[in-house]
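First comes the structure, then the notes that go with it.
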Amino acid sequence: MGNQMQQAFEQKSAAGVQRSRQATPTAASKLRTGMDVVKALREARMRQQETKAASVKTGEEAARREEKIEIVTALLEADEALTIELSELNRIKGRHPRGSVQAEENRNLVDQRTEDQAIVRKELETIRSENPSAYDEGKRRYNFRQEALEAADSNRRLVGSATA
């Protein structure tokens with residue numbers, strides 16, 4: 001009895017496969033007219049043009065992202081330079097007597113550099129909020145450059161001390 005059920009199942013499944021094969025015509029069995037070929041070629045060209053346009057668009061986006069990364073790196077360098085300059089100006093601020101021309105110039109320079117640094121930091125925050133990945137990559141590159149500069153500086157010191 002189990003054998004009969006298995007045979008019936010196999011016959012049923014084989015008939016289902018045959019029906020499904022007969023019900024769907026293959027691409028080879030369809031007759032293609034000249035218009036079908038032209039239509040297929042036009043569709044292929046359109047897909048190719050869309051692909052080109054998409055690759056150009058992604059290339060432009062990559063160039064803009066790279067530009068943002070370089071801007072972030074430059075802004076971080078400017079921020080550090082302004083911080084160093086401000087600390088130097090603040091250090092020498094007390095050297096000149098109050099009311100003197102040098103004290104007034106120094107105070108004006110401190111104010112101007114503080115404003116410049118605020119602008120730089122505001123721009124960095126804007127980029128950080130608009131494009132966090134470009135900001136992070138720019139910061140990573142900046143830190144990498146700083147590490148390389150520090151290593152080069154320490155190597156120069158080592159070489160200089162060895163020759164002295």
Side-chain angles (χ1 to χ4, degrees), residues 20 24-28 30 32-164:
S20 66
T24 57
T26 62
K30 287 184 180 179
R32 294 189 107 182
T33 63
M35 286 301 289
D36 291 336
V37 172
V38 170
K39 186 177 178 181
L41 286 173
R42 285 183 182 158
E43 290 172 357
R45 284 186 191 142
M46 291 296 290
R47 282 192 302 270
Q48 194 176 36
Q49 288 175 350
E50 290 170 358
T51 305
K52 281 183 184 178
S55 67
V56 166
K57 187 176 179 182
T58 57
E60 290 172 355
E61 289 173 3
R64 275 182 282 185
R65 183 176 184 277
E66 188 64 30
E67 183 180 337
K68 283 284 186 192
I69 290 169
E70 289 302 318
I71 289 171
V72 167
T73 304
L75 288 172
L76 287 170
E77 288 173 2
D79 184 46
E80 184 179 357
L82 286 168
T83 301
I84 292 169
E85 188 175 356
L86 277 170
S87 66
E88 182 65 24
L89 288 171
N90 285 327
R91 189 177 64 79
I92 62 171
K93 185 168 41 173
R95 291 188 179 174
H96 304 289
R98 281 190 169 195
S100 69
V101 175
Q102 293 90 356
E104 188 67 27
E105 287 176 354
N106 192 24
R107 192 165 34 87
N108 289 338
L109 268 173
V110 167
D111 291 343
Q112 185 180 4
R113 296 304 183 254
T114 304
E115 287 178 27
D116 292 345
Q117 192 171 36
I119 292 169
V120 166
R121 288 183 176 172
K122 187 176 182 180
E123 185 66 27
L124 280 169
E125 282 302 314
T126 302
I127 292 173
R128 185 179 193 176
S129 65
E130 290 175 356
N131 197 342
S133 66
Y135 176 82
D136 291 341
E137 178 64 19
K139 192 166 185 167
R140 186 191 68 76
R141 288 185 189 178
Y142 171 74
N143 290 336
F144 181 74
R145 288 179 189 174
Q146 289 306 106
E147 290 171 7
L149 288 172
E150 289 171 8
D153 189 41
S154 67
N155 285 341
R156 270 188 248 118
R157 286 187 200 147
L158 286 173
V159 169
S161 66
T163 57

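Leu76 contributes atom CG, which lies 12.0 Å from atom CD1 of Ile71 (distance to the nearest 0.5 angstrom). Rounded to the nearest 0.5 Å, atoms CD1 (Ile92) and CD (Gln102) are 10.5 Å apart. To the nearest 0.5 Å, atom CG of residue Asn90 and atom CD of residue Glu85 are 10.5 Å apart. To the nearest 0.5 angstrom, Ile69 atom CD1 is 8.0 Å from Asn131 atom CG. The distance from atom OG1 of Thr114 to atom CD1 of Ile119, rounded to the nearest 0.5 Å, is 11.0 Å. Rounding to the nearest 0.5 angstrom, the gap separating the CZ atom in Arg140 from the CD atom in Glu137 is 4.0 Å.
Leu82 and Arg113 make their closest contact through CD2-CD, 3.7 Å (heavy atoms, listed as atom of the first residue, atom of the second, distance). Contact between Lys139 and Val72 at its shortest, heavy atoms only, is N-CG1, 4.0 Å. Residues Gly138 and Thr73 approach most closely at O-OG1, 3.4 Å, considering heavy atoms.
Atom CD of Glu67 sits in a sparse spot, with 12 or fewer heavy atoms from other residues, nucleotides or ligands closer than 6.0 Å.
Between Gln112 and Glu115, every side-chain heavy-atom pair lies at or beyond the 4.5 Å cut-off.
Under the 3.5 Å distance criterion, the side-chain polar atoms of Asp79 are left unmatched by any main-chain donor or acceptor of Arg121.
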I would like to know whether Arg64 and Glu130 meet salt bridge (charged side-chain N to carboxylate O under 4.0 Å, His left out); could you show each step before the answer?
CA-CA 13 Å; Arg64 275 182 282 185; Glu130 290 175 356; over 6 Å; no
Test salt bridge (charged side-chain N to carboxylate O under 4.0 Å, His left out) on Glu125 and Arg128 and set out the steps.
CA-CA 5 Å; Glu125 282 302 314; Arg128 185 179 193 176; 3.8 Å; yes
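A side-chain contact (heavy atoms from CB on, under 4.5 Å) with Tyr135 is found for exactly one of Leu75, Leu124, Thr126, namely Leu124.
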